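Below, each value reflects all heavy atoms present in this structure, side chains not excepted, and no hydrogens, waters or symmetry copies. As the structure is a computational prediction, the values presented were derived from the model and not from experiment.
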Amino acid sequence: MWRGVALLLAVVAILTGPAAGSASAHPMGNFTVNRYSGLVVTPDAVEVDHVLDLAEIPTAQLGDRIDDLPRLGDQLCSDAAGSLQVTMDGQPLELEVLEQQARIRDGGAGLPVLRVECTLRAGYARTDGASRLTFVDHAGDGQLGWREVTARGDRMRLSDTDAPVESASGRLSRYPGDMLSSPLDVTSMSATVRAGGDALAASAGPDTSPLLAAPAGLAERVATMVGEPGLAVAVLALAIAVGLGALHAVAPGHGKTVMAFYLAGRRTRSVRSAVTVGATVTASHTGAVLALGLLVAAGTSFVPSQVYPWLSVASGVLILVLGVGLLRSVHGGSAGRHGHGHGHGHGHGYGHGHGHGHGHGHGHAHEHGVADPGRSGLVMLGLAGGLVPSPSAVLLLLAATAVGRAWFGALLVVAFGLGMALTLAVVGMLASGLMLTLERRFAQGRRARLARVGLSYGTAGGVCAIGIGIVVRAVIAV
């Protein structure tokens, strides 16, 4: 019984986001690669304390390389030494690796996270006067995560510098909670250095904060349970995944507004439309998660975080196309009204493609000229709603794959996508029903036609505005 309870708790923890304690996912996000460089300037060398903190997804991309941590640490530190640019009075200094330490700790869903600490050193010719030091970290270009640089002097004085002395993140071990949504992005510094000053106190030694030394907890036990689910527990876990997917779609974003505007503009409450949209959302989201999970598990060199902005661009373009289609339908319907009066001639209405499902007794209620949604429009709507994969779903898939039960992880991802689809479809149908109710009420007033046209243009314009907003935000992120 306790094994089933553990599995269910794990599914809840993984799909709803970071949990408390040692089972929590990486605080900076599952896709991040975080870097810190602490410079110490001595009378004859520049020493760099370079720390890499890889979240679950980048660590998973390393594959079997994490089985040989000393070798992996040597390689990553050597790569860092080649990517860090240090100059003194314009002359480049060559960094060499003095020491390295690579450690694995538990992250979200029982997946490992990697921390590598590199001690690098570059000597320089000492001068009696002032020298200008510059530093640039090129290693993190194109990656999401925390970037931080500090600088101190050891028997040297640093002035005219833009680098702080202390690390705001405790060398990537204690990320400030109020900066998680807007992390530091500092990759360079400069300073004027002169001889003099106090000797630097000895280092406090390796960091042993809870983030780095957390013992294996619920996430590790749950990952094992995912690998050996009983039938009853598996069925219940899938049901919970559906519910959590539905709750996930209730959070800000996730296409609810688009779904509401679009189906409201199309004036449809049919179950068939909801099923079409829901099936497409489930298929597109599941396909995106599986594709991203396979690429990560295969250890490919692409950066997953760079894919999300482009997927968002594609989603925004699809939404914009849907909005333009709605505007054309509204405008065409308005033009049809001006040319044919108020729709008393039913033959004209059918001639313009508005006869399906309206009946002869409802010509006036639908004279705004907006047709029922075609299958292609509904499929595009579903693609837009599920094109961007949920990082939590990717993490769940990788956790199941890690214990040899990728098939069960895939089923949970499908269930999660189905839950999202249910929420989106229900929201859209409710919005459409509300629009039809408003139209029936406005139909009794003297300004009925103006109100109907305004509502039609408003819903179509809302879809266009959302699409444009998504594209702009995504392009900025790229």
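Looking at residues two or more places apart in sequence or on another chain, you find no side-chain contact (heavy atoms from CB on, under 4.5 Å) involving Ala465. Listed by chain and number, the residues in a side chain to side chain donor-acceptor pair (under 3.5 Å) with Arg157 amount to none (sequence neighbours excluded). Residues that satisfy the side chain to side chain donor-acceptor pair (under 3.5 Å) test with Ser188, not counting sequence neighbours, are absent from this structure.
At a cut-off of 3.5 Å, with distance as the only test, a side-chain donor of Ser190 or Arg132 sits close to an acceptor on the other residue. Between Glu47 and Thr42, the side chains place no donor N or O within less than 3.5 Å of an acceptor N or O (distance only, hydrogens not considered). Tyr36 and Thr150 share a side-chain donor-acceptor pair at under 3.5 Å. Checking Gln101 against Arg115 by side-chain atom types alone, no donor-acceptor pair falls below 3.5 Å. A donor-acceptor pair shorter than 3.5 Å can be found between the side chains of His50 and Ser37.
The environment of Asp64 atom CG is sparse: at most 12 non-hydrogen atoms of other residues, nucleotides or ligands sit within 6.0 angstrom. Enclosure of atom CD in Glu99 is not indicated, since only 12 or fewer non-hydrogen atoms of other residues, nucleotides or ligands lie within 6.0 angstrom.
Aromatic ring pairs are classed by plane angle as parallel below 30°, tilted from 30° to 60° and perpendicular above 60°; the pair His285 and Phe416 is tilted.
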query: Does the pair His26 and Glu56 meet the rule for a side chain to side chain donor-acceptor pair (under 3.5 Å), with working shown?
result: CA-CA 7 Å; His26 195 284; Glu56 291 87 353; 5.8 Å; no

message: Test side chain to side chain donor-acceptor pair (under 3.5 Å) on Gln100 and Thr119; report intermediate values, then the result.
response: CA-CA 6 Å; Gln100 65 83 15; Thr119 301; over 6 Å; no

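The backbone N or O of Leu54 sits less than 3.5 Å from a side-chain atom of Thr59, completing a donor-acceptor pair.
We find that Arg152 and Glu166 are not joined by a salt bridge, their nearest charged nitrogen and carboxylate oxygen being 4.0 Å or further apart. A salt bridge is defined here as a Lys NZ or Arg NE, NH1 or NH2 lying under 4.0 Å from an Asp or Glu carboxylate O, and Arg171 with Asp53 fails to meet this definition.
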